[in-house]
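Inspection log for the structure reproduced underneath, given as structure tokens.
The basis for the numbers below is simple: all heavy atoms, side chains too, and nothing from hydrogens, waters or symmetry mates. Note that the coordinates shown come from a computational prediction; the quantities given were computed from them, not determined experimentally.
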Amino acid sequence: MGTSDDIIEHAAEFLRRISPEGRAAARRRRERRQAAFRRIARRLVLASIVILGAALAAGLVIGPIGINGLLAVILAMVLAWAAILMWSRSPEPTPERLATSDLAQLPAQTEEWLEKQRPALPAPAQRQLDALALSLEAIGPQLAALDPRLPEAIEARRLIGDELPELVRGYQRVPPSLRRQPMNGGPSPDKQLADGLGTIGEEIARMNARLADGDLKALATQNRFLEIKYKGDGEMGEG
């Protein structure tokens, strides 16, 4: 029979899975797997078509390819498939790779790294990961359009690619037996981790809002310019 902490942990995990954030995170993971499978399948089919087309062309030009030619075609397809499967494997994200990752890919890669850390984190922190995943997904398009040399880009990289992984790794360095115990009169490491993840999630949301505000102002300015240029000209012509 499990301890009361284990029962609470399992109950919290169940609630996380049925929460809107948990379902959204599971949906994104499923969509990413399906997209990766379709991408690899397309490459395999294309390679097979190219090899079979070349074999057919050779047969039409120089005559039947024979058993040796057939074996060569099979070998070429096996080698092509092996190369595609090896080439399609992306390297595992690590904190070191996140620190130097392309800014446009940083949110998705950070989310992937966090997902791999999930089993070692307490249930409250896992719920925070689901909320963080939504924030990372939302800010992704903003960062993709941002000049990496701008202060906003540097701040985003430091927060998402440095401070967030370091918070999780700092928690993982605490011995498991001490993670639920209050430390020096303060909150437990479990609580500190959940609070830290919440703070980072809020900052990412604020950062996303600031970046979007710039786009909204640019859109409003462009709209005003168009109104003055075309509606204003029309009114002057009527007068």
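- Here Ile40 contributes atom CD1 and Arg42 contributes atom CZ; the two are 10.5 Å apart, rounded to the nearest 0.5 Å.
- Residues Gln109 and Arg97 are not in side-chain contact: their nearest non-hydrogen atoms beyond the backbone lie 4.5 Å or more apart.
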Determine whether Arg157 and Leu103 satisfy the following criterion, side chain to side chain contact (heavy atoms under 4.5 Å, CB included), listing intermediate values before the conclusion. CA-CA 7 Å; Arg157 180 181 294 282; Leu103 189 62; 3.8 Å; yes
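- Minimum interatomic distance between Ala47 and Ala80 (heavy atoms only, all atoms of both residues): CB-CB, 4.3 Å.
- Between the Gln105 side chain and the Ser101 main chain, no donor and acceptor come within less than 3.5 Å of each other.
- Using a 4.5 Å heavy-atom cutoff, the side chains of Ile160 and Leu143 are in contact.
- By the 4.0 Å N-to-carboxylate-O rule, Arg206 lies too far from Glu152 to be salt-bridged with it.
- Salt-bridge formation is not detected for the pair Glu111/Lys116: no Lys NZ or Arg NE/NH1/NH2 atom is positioned less than 4.0 Å from an Asp or Glu carboxylate oxygen.
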Given side chain to side chain contact (heavy atoms under 4.5 Å, CB included), test Arg210 with Glu155 step by step and report yes or no. CA-CA 12 Å; Arg210 289 197 300 270; Glu155 180 186 359; 3.5 Å; yes
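- Within the model, atoms CG of Leu75 and CG of Leu71 stand 8.5 Å from one another, a figure rounded to the nearest 0.5 Å.
- Judged by distance alone, the side chain of Arg118 and the main-chain N or O of Gln126 form a donor-acceptor pair under 3.5 Å.
- Proximity of a side-chain donor or acceptor of Arg158 to a complementary backbone N or O of Glu163 within less than 3.5 Å is not detected.
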Run the side chain to side chain contact (heavy atoms under 4.5 Å, CB included) check on Trp113 and Glu92 step by step: do they pass? CA-CA 8 Å; Trp113 181 80; Glu92 291 287 331; over 6 Å; no
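- Using a 4.5 Å cut-off on side-chain heavy atoms (C-beta onward), Thr199 and Glu203 make no contact.
- Using a 4.5 Å heavy-atom cutoff, the side chains of Leu193 and Gln128 are not in contact.
- The CD1 atom of Ile74 sits 11.0 Å away from the CD1 atom of Ile51 when rounded to the nearest 0.5 Å.
- Remark: Leu164 CG to Leu114 CG distance equals 5.0 Å, nearest 0.5 Å.
- One finds the CG atom of Asp130 at 7.5 Å from the CG atom of Leu134 (value rounded to the nearest 0.5 Å).
- Using a distance-only test at 3.5 Å, with no hydrogens or angles considered, a donor-acceptor pair links the side chain of Gln181 to the main chain of Ser177.
- Between the side chain of Asn184 and the backbone N or O of Gly186, no donor-acceptor pair lies under 3.5 Å.
- Summarising the geometry of Asp147 relative to Ala153, their closest heavy-atom pair is O-CB, 3.3 Å, with the distance given to 0.1 Å.
- The two residues Pro107 and Gly140 make their nearest non-hydrogen contact at CG-CA, 3.9 Å.
- Using a distance-only test at 3.5 Å, with no hydrogens or angles considered, a donor-acceptor pair links the side chain of Ser48 to the main chain of Leu44.
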Hey, mind stepping through Leu52 and Met77 against side chain to side chain contact (heavy atoms under 4.5 Å, CB included) and telling me if it holds? CA-CA 9 Å; Leu52 292 175; Met77 291 184 64; 4.2 Å; yes
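- Scored by the salt bridge (charged side-chain N to carboxylate O under 4.0 Å, His left out) test, Arg39 finds no partners at all (sequence neighbours excluded).
- In terms of hydrophobic clustering, with Ile, Leu, Val, Met, Phe, Trp and Tyr side chains grouped at heavy-atom distances under 4.5 Å, Ile67 and Val78 are assigned to a common cluster.
- Between Tyr171 and Gln192 the shortest side-chain heavy-atom distance does not fall below 4.5 Å.
- Within the model, atoms CG of Leu121 and CG of Asp190 stand 9.0 Å from one another, a figure rounded to the nearest 0.5 Å.
- Residues Leu106 and Leu150 share a hydrophobic cluster, clusters being chains of Ile/Leu/Val/Met/Phe/Trp/Tyr side chains in contact below 4.5 Å.
- Counting heavy atoms from C-beta outward, Arg179 and Pro122 have side chains that stay 4.5 Å or more apart.
- Val174 and Val168 are not part of a single hydrophobic cluster, where members link through side-chain heavy atoms under 4.5 Å apart.
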